[in-house]
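A short worksheet on the structure shown next.
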Amino acid sequence: MPELPEVETIARFLRQGIADQPGILGRKVAGAQVLWARTVAEPDVSSFQERLPGQTIQHIDRRGKFLLLRLSQETLLIHLRMSGDLIVEPLNQALAPHHRVTLEFEDGWRLAFNDARKFGRMWLVADPQSVLGNLGPEPFDRSLEGVGFYNRVSSFRRQLKPLLMDQHFLAGLGNIYTDEALHLARLHPLTISSSLTLQQSNLLLDCIRQVLQDGIDRHGTSIDWVYRGGDYQRYLRVYQRTGEPCLVCGAPVERLVVGQRGTHYCPSCQVLSALTS
DNA sequence: CACGAGACCTGTTCGC
DNA sequence: TGCGAACAGGTCTCGT
């Protein structure tokens with residue numbers, strides 16, 4: 001579930017609360033449990049557990065697919081990877097099977113990091129930049145407008161699908177929203193980035209922003225057992241619609257594998273010309 | 001530089 | 001019904 005719209009949705013719910021889960025701003029950490037050591041990427045587990053107590057959650061931000069919990073002294077960065085989720089629940093509730101780390105607050109609540117596949121990671125650091133490194137720009141960054149995105153896209157000779165998913169190129173897109181944006185822009189996933197015209201690249205940027213904003217407005221995409229309450233899955237154009245009719249032209253959606261990722265597109269709307277492959 | 005394969009993990013669905 | 005293969009929202013590292 002976690003691409004930019006889902007992480008943004010979680011950031012908002014952690015700030016404001018949702019349904020029976022209160023927000024966590026202003027809460028003070030009393031202790032931390034680590035149930036799967038590798039979830040804590042930095043520092044070592046004992047330092048992690050020693051440094052968290054006493055720190056208060058002051059701000060919650062998102063950068064790409066990273067969540068940033070700004071604490072009194074440090075920042076806790078969380079990456080949900082494939083199956084991570086964050087749940088606010090009462091301390092007296094039994095620990096669910098896939099909880100990997102929990103932060104216990106003074107007032108009877110805890111924040112639980114639930115992650116079936118164990119790919120998720122968190123970092124407790126003084127300087128978030130040490131983790132975020134050379135992450136690419138946010139898709140809504142104004143510097144991409146005009147020729148900004150065009151200059152970036154055309155500086156690489158790479159297939160669009162893997163390029164857009166490369167977090168060093170642009171921060172936030174994953175498999176779902178990349179397929180959706182390419183379909184909306186009528187660009188074949190294998191199009192070589194340096195072949196795009198200024199008009200095409202600006203259309204692509206607009207489409208990326210549109211699918212991300214729609215995803216945020218719909219509170220993300222909920223598929224299978226990872227559920228966040230979003231319903232953007234009802235509006236997907238091609239993702240996981242192999243064989244079903246394209247919503248634009250009716251041709252059956254096709255699936256191919258690009259960079260080891262399932263890739264969905266309409267062979268009629270998204271034509272790969274010899275010049276751009 | 002760009003791409004593909006393999007790792008890291010568990011759970012669900014598909015095909016025979 | 002049963003069982004292995006394929007597949008899943010991500011990212012890193014290595015070899016070519």
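Chain naming here is simple, since letters A, B, ... match the order of the sequence lines and numbering starts at 1 in each.
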Would you call the rings of A/Tyr232 and A/Tyr177 parallel, tilted or perpendicular if under 30° counts as parallel and over 60° as perpendicular? parallel
Identify which nucleotide among B/dG11, C/dG9, C/dT11 has an atom closest to any side-chain atom of A/Ile223, counting heavy atoms from C-beta outward. C/dG9
Between atom CG in A/Leu256 and atom P in B/dC3, what is the gap in whole Å? 14 Å
Looking at B/dA2, does its base get a donor-acceptor pair with the side chain of A/Arg157 below 3.5 Å? no
Regarding A/Glu89 and A/Gln21, is there a side-chain donor-to-acceptor distance under 3.5 Å anywhere? no
Could you check how far CZ of A/Arg261 sits from C1' of C/dC7, rounded to whole Å? 11 Å
Here the helical stems involving DNA chain B, each at least 3 consecutive Watson-Crick or G-U pairs closer than 3.5 Å, sorted by first residue number, are B:2-8 with C:10-16, B:10-16 with C:2-8
Measure the distance from CG on A/Asp166 to C1' on C/dT11 and round it to the nearest whole Å. 10 Å
Are the ring of A/Phe119 and the base ring of B/dC8 both nearer than 5.5 Å at their centres and tilted by less than 30°? yes
Between A/Tyr265 and A/Glu254: side-chain donor-acceptor atoms closer than 3.5 Å: yes
Among B/dT10, C/dG10, C/dC7, the one nearest any side-chain atom of A/Met82 is C/dG10
Would you mind reading off the distance between A/Arg158 atom CZ and B/dC3 atom C1', rounded to a whole angstrom? 9 Å
Under a 4.5 Å cut-off applied to non-hydrogen side-chain atoms, are A/Asp61 and A/Arg70 in contact? yes
Counting side-chain heavy atoms from C-beta on, which of B/dA5, B/dC8, B/dC3 comes nearest to A/Gln260? B/dA5
Quick check on A/Arg63: does its CZ atom have over 12 non-hydrogen neighbours (other residues, nucleotides or ligands) under 6.0 Å away? yes
Is the closest basic N to carboxylate O distance between A/Asp206 and A/Arg209 below 4.0 Å? no
